[in-house]
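Order of the sequence lines fixes the chain letters, A, B, ..., with proteins taken first and strands second; residue numbering starts at 1 for each chain.
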Number of protein chains: 2
Amino acid sequence: MTSTDPTPPLRPTRQRRAVVEAMTSFADFRSAQDIHELLGERGDQVGLATVYRTLQRLAEAGEVDVLRTEEGEAIYRRCSESHHHHLVCRSCGATVEVEGPTVERWTRSIAAEHGYAEVSHTLEIFGTCPACA
Amino acid sequence: MTSTDPTPPLRPTRQRRAVVEAMTSFADFRSAQDIHELLGERGDQVGLATVYRTLQRLAEAGEVDVLRTEEGEAIYRRCSESHHHHLVCRSCGATVEVEGPTVERWTRSIAAEHGYAEVSHTLEIFGTCPACA
DNA sequence: CTCCGGTTTGACAATCGTTCTCAACTGATC
DNA sequence: GATCAGTTGAGAACGATTGTCAAACCGGAG
């Protein structure tokens with residue numbers, strides 16, 4: 001913890017590039033397995049373990065968002081860098097990134113009111129999108 | 001789907017009572033396995049599968065809240081009946097139920113703005129409680 | 001009280017998403 | 001082209017959760 005690199009150099013391998021690229025090919029949340037399958041169909045053979053590893057890295061780096069389905073499965077989606085939330089269609093998965101000072105302020109004040117520090121929060125909105133209505 | 005009971009009668013067995021009672025003995029979120037263990041320590045021997053089943057029933061009935069840990073594990077906690085959210089201590093798990101019209105209004109308006117209907121949402125706030133600070 | 005049919009239980013197997021292992025491989029560097 | 005840390009992938013291992021199914025249980029009818 002004194003002088004070692006916290007993040008060792010990342011090599012831009014064929015597999016990593018393939019995963020990153022695949023992430024740009026859809027706009028909703030997909031599971032690691034889905035993405036693995038998608039890669040296969042495209043002809044980019046990538047091991048399942050590698051897909052998991054890569055998604056993890058991307059998530060840590062804040063380049064993809066991770067959500068949990070009701071069943072506890074992790075699902076991923078590329079995302080913008082700033083803090084935001086999602087409005088997700090329950091039926092087709094169509095996702096809109098949303099943000100706004102209102103919630104941020106509200107959560108902060110609620111936390112402060114109870115003396116909680118280092119506040120973070122998760123918020124997802126679900127609904128039926130216009131196309132699926 | 002025509003005349004069958006959607007919810008067959010629930011029998012108040014020893015096991016079910018034990019689980020319900022155990023749920024009142026702590027205020028933070030616990031995993032099914034934790035609760036199973038807790039029951040064992042108390043002397044209330046209940047099968048793990050039964051604990052899972054019972055917690056599921058309770059959750060469906062809205063008598064307990066279910067959350068997912070970062071790792072995807074389901075954790076449970078008894079809760080009040082009305083819609084609310086949680087302010088959870090990252091370090092000790094101490095939980096406060098919070099609510100307020102602000103977020104409810106905000107999510108509704110955001111959803112409306114994008115034409116999403118039948119809106120619901122999940123929101124959890126994490127922080128360090130005063131005792132752990 | 002006893003019998004009966006549906007409910008519940010629990011030990012154990014089976015799923016399934018995810019992570020681990022480890023030998024083979026790759027790419028940047030000298 | 002030799003070197004070496006970072007990577008990969010096949011398959012085993014894991015851990016939470018759910019399914020299976022025979023035995024135990026319960027409450028009402030007789």
Side-chain angles (χ1 to χ4, degrees), chain A residues 3-23 29-61 63-77 93, chain B residues 3-23 29-61 63-77 93:
Chain A
S3 61
T4 355
D5 279 331
T7 10
L10 269 222
R11 230 132 59 172
T13 63
R14 172 184 71 75
Q15 291 86 337
R16 298 226 244 251
R17 259 179 275 113
V19 172
V20 170
E21 193 177 329
M23 293 303 290
F29 284 88
R30 303 281 179 92
S31 73
Q33 316 238 16
D34 285 346
I35 295 167
H36 173 247
E37 197 174 326
L38 186 71
L39 284 164
E41 287 167 9
R42 287 178 152 226
D44 290 319
Q45 187 58 43
V46 178
L48 181 56
T50 302
V51 173
Y52 272 106
R53 279 187 292 240
T54 306
L55 287 173
Q56 246 172 225
R57 296 284 185 94
L58 290 173
E60 279 164 20
E63 292 179 35
V64 303
D65 285 325
V66 195
L67 242 59
R68 289 273 171 187
T69 66
E70 199 93 337
E71 295 79 41
E73 193 182 11
I75 49 180
Y76 306 83
R77 174 179 190 273
Chain B
S3 61
T4 355
D5 280 330
T7 11
L10 268 223
R11 237 134 52 172
T13 63
R14 172 182 73 75
Q15 290 85 339
R16 296 225 244 255
R17 259 179 276 114
V19 172
V20 171
E21 192 178 330
M23 293 303 289
F29 284 89
R30 303 281 179 91
S31 73
Q33 317 239 14
D34 285 345
I35 294 166
H36 173 247
E37 197 175 328
L38 186 71
L39 283 165
E41 287 167 9
R42 287 179 152 226
D44 291 319
Q45 187 60 41
V46 179
L48 181 56
T50 301
V51 173
Y52 273 106
R53 280 186 293 238
T54 305
L55 287 173
Q56 244 172 226
R57 298 284 187 93
L58 290 174
E60 279 165 21
E63 291 179 36
V64 303
D65 285 325
V66 193
L67 243 59
R68 289 274 171 187
T69 65
E70 200 94 336
E71 295 80 42
E73 193 182 12
I75 48 180
Y76 305 83
R77 175 182 188 272

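- With sequence neighbours excluded, the residues that form a side-chain contact (heavy atoms from CB on, under 4.5 Å) with Asp65(A) are Phe29(A), Cys79(A), His84(A), His86(A), Glu97(A).
- One atom, CZ of Arg30(B), and another, C1' of dT17(D), lie 20 Å apart when rounded to the nearest Å.
- Nearest to the side-chain atoms of Tyr52(B) among the listed nucleotides dT19(C), dG10(C), dT17(D) stands dT17(D).
- The shortest distance between the side-chain N/O atoms of Gln45(B) and the OP1/OP2 oxygens of dG10(C) is not below 4.0 Å.
- For the pair Gln33(A) and dC16(C), the criterion of a side-chain N or O lying under 4.0 Å from OP1 or OP2 is not met.
- Comparing atom distances between the Gln15(B) side chain and each of dT9(C), dT8(D), dG17(C) picks out dT9(C) as nearest.
- Between Leu38(B) and Asp34(B), every side-chain heavy-atom pair lies at or beyond the 4.5 Å cut-off.
- The nearest whole Å value for the distance from the CZ atom in Arg57(B) to the P atom in dT7(C) is 10 Å.
- Protein atom CG of Leu48(A) is 18 Å distant from nucleotide atom P of dT7(D), rounded to whole Å.
- Put simply, CD on Glu73(A) is 18 Å from P on dT15(C), counting in whole angstrom units.
- Considering only residues two or more places apart in sequence or on other chains, Arg68(B) meets the salt bridge (charged side-chain N to carboxylate O under 4.0 Å, His left out) condition with none of them.
- Counting to the nearest Å, the P atom of dT18(D) and the CD atom of Glu70(A) are 12 Å from each other.
- Side chain of Arg16(B) to main chain of Thr54(B): no donor-acceptor pair is present (N/O by atom type, distance under 3.5 Å, no hydrogens or angles).
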In B/S/- notation (B base, S sugar-phosphate only, - none; protein heavy atoms under 4.0 Å), nucleotides 21-30 of chain C written 5' to 3' is B----B----

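- For Arg14(A), a side-chain nitrogen or oxygen approaches OP1 or OP2 of dG9(D) to under 4.0 Å.
- Glu73(A) approaches Ser31(A) most closely through the heavy-atom pair OE2-CB, 3.3 Å.
- With rounding to whole Å, His36(B) atom NE2 is found 8 Å from dA11(C) atom P.
- Nearest nucleotide to the Arg68(B) side chain, out of dG6(D), dG9(D), dT17(D): dT17(D).
- Each side-chain hydrogen bond (donor to acceptor under 3.5 Å, both in side chains) pair with one or both residues in residues 41-52 of chain B, not counting sequence neighbours, appears once here: Gln33(B)-Tyr52(B), Thr50(B)-Arg53(B).
- For the pair Asp34(B) CG and dG15(D) P, the computed distance is 15 Å after rounding to whole Å.
- Scanning for side-chain contact (heavy atoms from CB on, under 4.5 Å) contacts around Val64(A) gives Met23(A), Leu58(A), Ala59(A), Tyr76(A), with sequence neighbours left out.
- Protein atom CD of Glu60(B) is 11 Å distant from nucleotide atom P of dT18(D), rounded to whole Å.
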